[in-house]
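First comes the structure, then the notes that go with it.
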Amino acid sequence: MRCAVIGCGHVGLELARLLTGAGHVVVGTTTTPGRVAELAAVCAEVVVLRGSDRAAVARAVEGADAVVLTVGPRLARAVDAAAREAEYTDTLVTTARTAAAVHDRVVFASSGSVYGSGVSKDAAPSDGGGRAAPGDLVDADDGDGSSTGAGADGYESSTGAGADGDGHSTGAGAVLDESSPTTDSPDPSPRSYLAAERAVLSAPGGAVVRIPDVHGHPADLDYPARVRFAHSHLGGAVPFAADALLYRIDYRDAAAALAFVVTEGLTGVYNAYPDAETPPTNAEAFAAICDAEGLPRLTYRSQIRLPVVPVSSARLRAAGFRFGEDTR
């Protein structure tokens, strides 16, 4: 099989490594010429391009059996509300539309943030500042707009829960799966991921893998570092909700889930949430970190609605996938 991986950040490059190791031919892309040698150690071919460049993408995916999108927004291009909107649209929506226009088989690494909060209206209050969420600020991507794991914006898209079409909850005590309605939040993150999903699923072989917060890569900021960052750069006030569940996925599992969907020929929507147990809430997890670090506890602005009910990956498991975290 010949596969094109658009956006070789931490997850994208790990995906390329898995596919190459399984005997497939991988074309990897980056927007940074300085990373070509790094990608060439894993990929059969390396192309420097932006996902919004239709002609370049068409050339890169020519002859490919599948195209995988592992792209994510960059803070450097999202310095205020307008820039953040533009960056999410260009990186996610335009790339997805471009790929779906030039290839029938597209797999997109999306975000569980598309589910919304699951318990209340998802339209978030604005602080008027238009500043980026901590997830944007700590996004440890490859330095060129290719995410460490698309759908894993650090804090911002760490989880997902279900809301109905007008932003209302699917109900307390529910378990969110791929059939759960999505949010109508105006925030650029879920709105752009949903638009990208629609573009990909319009392709005959479209598939979407919804992924929570990615962690575990040696180059990533760990959670104590993220908390210190929130205190030093955001005054200890973060835009997500205290009662959201802090789902996380190891970058190797995120890549393995994408590889599984590609090689098994799966289409449609799949959650890739480690769901063996329900994780702690943001308040619980970050309070413990703050106490251990001797820092004041964070305050939560609830601008970005995150999940408060469990998310199920039963569909992906039923297809045969197993999370490495189950045994790692």
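Start at 1 with the first residue, then count along the sequence.
Between the side chain of Ser111 and the main chain of Ser113, a donor-acceptor pair closer than 3.5 Å is present. Between the Thr29 side chain and the Gly7 main chain, a donor and an acceptor come within less than 3.5 Å of each other. A donor-acceptor pair under 3.5 Å links the side-chain atoms of Ser202 to the main chain of Ala199, judged by distance alone. Between the side chain of Tyr247 and the backbone N or O of Val311 there is at least one donor-acceptor pair closer than 3.5 Å. Judged by distance alone, the side chain of Asn271 and the main-chain N or O of Ser312 form a donor-acceptor pair under 3.5 Å. No donor-acceptor distance shorter than 3.5 angstrom exists from the side chain of Thr91 to the backbone of Tyr88, with no hydrogens or angles considered. Using a distance-only test at 3.5 Å, with no hydrogens or angles considered, no donor-acceptor pair links the side chain of Ser192 to the main chain of Val93. In this structure, Asp220 contributes its side chain and Asp222 its backbone to no donor-acceptor pair below 3.5 Å.
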Audit row: Thr32, Val48, side-chain contact (heavy atoms from CB on, under 4.5 Å) steps and yes/no = CA-CA 7 Å; Thr32 303; Val48 178; over 6 Å; no
Steps toward salt bridge (charged side-chain N to carboxylate O under 4.0 Å, His left out) verdict (Asp253, Arg248) | CA-CA 10 Å; Asp253 276 342; Arg248 307 185 301 164; over 6 Å; no
Might you work through the side-chain contact (heavy atoms from CB on, under 4.5 Å) test for Val309 and Val175, ending with a clear yes or no?
-> CA-CA 6 Å; Val309 294; Val175 174; over 6 Å; no
Candidate pair Asp213 and Arg226, rule salt bridge (charged side-chain N to carboxylate O under 4.0 Å, His left out), full reasoning | CA-CA 13 Å; Asp213 188 27; Arg226 296 185 191 194; 2.9 Å; yes
After noting the C-alpha distance and the side-chain angles of Glu197 and Arg210, does the key distance pass the salt bridge (charged side-chain N to carboxylate O under 4.0 Å, His left out) rule?
-> CA-CA 10 Å; Glu197 287 189 2; Arg210 292 172 177 166; 2.7 Å; yes
Dump the intermediate steps for side-chain contact (heavy atoms from CB on, under 4.5 Å) on Val5 and Val27, then the final yes or no.
-> CA-CA 6 Å; Val5 179; Val27 178; over 6 Å; no
Would Ser110 and Ile211 satisfy side-chain contact (heavy atoms from CB on, under 4.5 Å), going step by step from the backbone distance to the final call?
-> CA-CA 6 Å; Ser110 187; Ile211 297 172; over 6 Å; no
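Rounding to the nearest 0.5 Å places CG of Leu13 at 5.0 Å from CZ of Arg17. In this structure, NE2 in His10 is found 11.5 Å from OG1 in Thr70, a value given to the nearest 0.5 Å. One finds the CG atom of Asp53 at 12.0 Å from the OG1 atom of Thr31 (value rounded to the nearest 0.5 Å).
Of all non-hydrogen atoms in Ser52 and Thr95, the two that sit nearest each other are N-OG1, 3.9 Å. Scanning all heavy atoms of the two residues, the minimum distance from Val209 to Ala257 falls at CG1-CB, 4.5 Å. Pairing each heavy atom of Asp187 with each of Arg84, the nearest pair is OD1-NH1, 3.3 Å. Contact record, Ala272 with Pro212: O-CD, 3.2 Å, taken as the closest heavy-atom pair. Nearest heavy-atom pair across Pro310 and Leu245 is N-CD1, 3.7 Å. Shortest non-hydrogen contact noted between Ala60 and Leu49 is CB-CD2, 3.8 Å.
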Run the side-chain donor-acceptor check on residues 284-300: report pairs under 3.5 Å with partners two or more places apart or on a different chain.
from	atom 1	to	atom 2	distance (Å)
Glu284	OE1	Thr281	N	2.9
Glu284	OE1	Thr281	OG1	3.4
Asp291	OD1	Arg297	NE	3.3
Asp291	OD2	Arg297	NH2	2.7
Glu293	OE1	Arg228	NH1	2.9
Thr299	OG1	Gly236	O	3.4
Tyr300	OH	Asn282	O	3.4

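In this structure the side chain of Leu19 reaches within 4.5 angstrom of the side chain of Thr263, judged on heavy atoms. Val42 is not listed as a side-chain neighbour of Val26, based on a closest heavy-atom distance of 4.5 Å or more. No side-chain heavy atom of Tyr223 sits under 4.5 Å from any side-chain heavy atom of Val227. Within the 4.5 Å cutoff, the side chain of Val71 has heavy atoms near those of the Ile6 side chain. Proximity of Thr30 to Cys8: side-chain heavy atoms (C-beta onward) are nowhere separated by under 4.5 Å. Between Pro73 and Ser189, every side-chain heavy-atom pair lies at or beyond the 4.5 Å cut-off.
Exactly one residue among Thr94, Thr98, Asp90 makes a side-chain hydrogen bond (donor to acceptor under 3.5 Å, both in side chains) with Arg50. That residue is Asp90.
In this structure Glu38 satisfies the side chain to side chain donor-acceptor pair (under 3.5 Å) test together with Arg35, sequence neighbours excluded. For His103, the ring-ring contact (aromatic ring centres under 6.0 Å, His included) criterion is met by no residue, not counting sequence neighbours. Residues that satisfy the ring-ring contact (aromatic ring centres under 6.0 Å, His included) test with Phe321, not counting sequence neighbours, are Phe260, Phe323. Scored by the side chain to side chain donor-acceptor pair (under 3.5 Å) test, Ser179 finds Asp177 as partners (sequence neighbours excluded). Ala255 meets the side-chain contact (heavy atoms from CB on, under 4.5 Å) test with Val11, Glu14, Leu15, Leu18; sequence neighbours excluded. For Arg2, the salt bridge (charged side-chain N to carboxylate O under 4.0 Å, His left out) partners two or more places apart in sequence, or in a different chain, are Glu45. Residues passing the side-chain contact (heavy atoms from CB on, under 4.5 Å) test with Leu201 are Val208, Val269, sequence neighbours excluded.
Ring-centre distance between Tyr251 and His217: below the 6.0 Å cut-off.
Sequence neighbours left out, not one pair with a member in residues 93-115 passes salt bridge (Lys or Arg N to Asp or Glu O under 4.0 Å). For residues 57-73, the set of pairs meeting the salt bridge (Lys or Arg N to Asp or Glu O under 4.0 Å) definition, not counting sequence neighbours, is empty.
A continuous path of Ile, Leu, Val, Met, Phe, Trp and Tyr side chains, each step under 4.5 Å between heavy atoms, connects Val47 with Val106, placing both in one hydrophobic cluster.
Checked for salt-bridge contact, Asp275 and Arg317 meet the test: a charged N lies under 4.0 Å from a carboxylate O.
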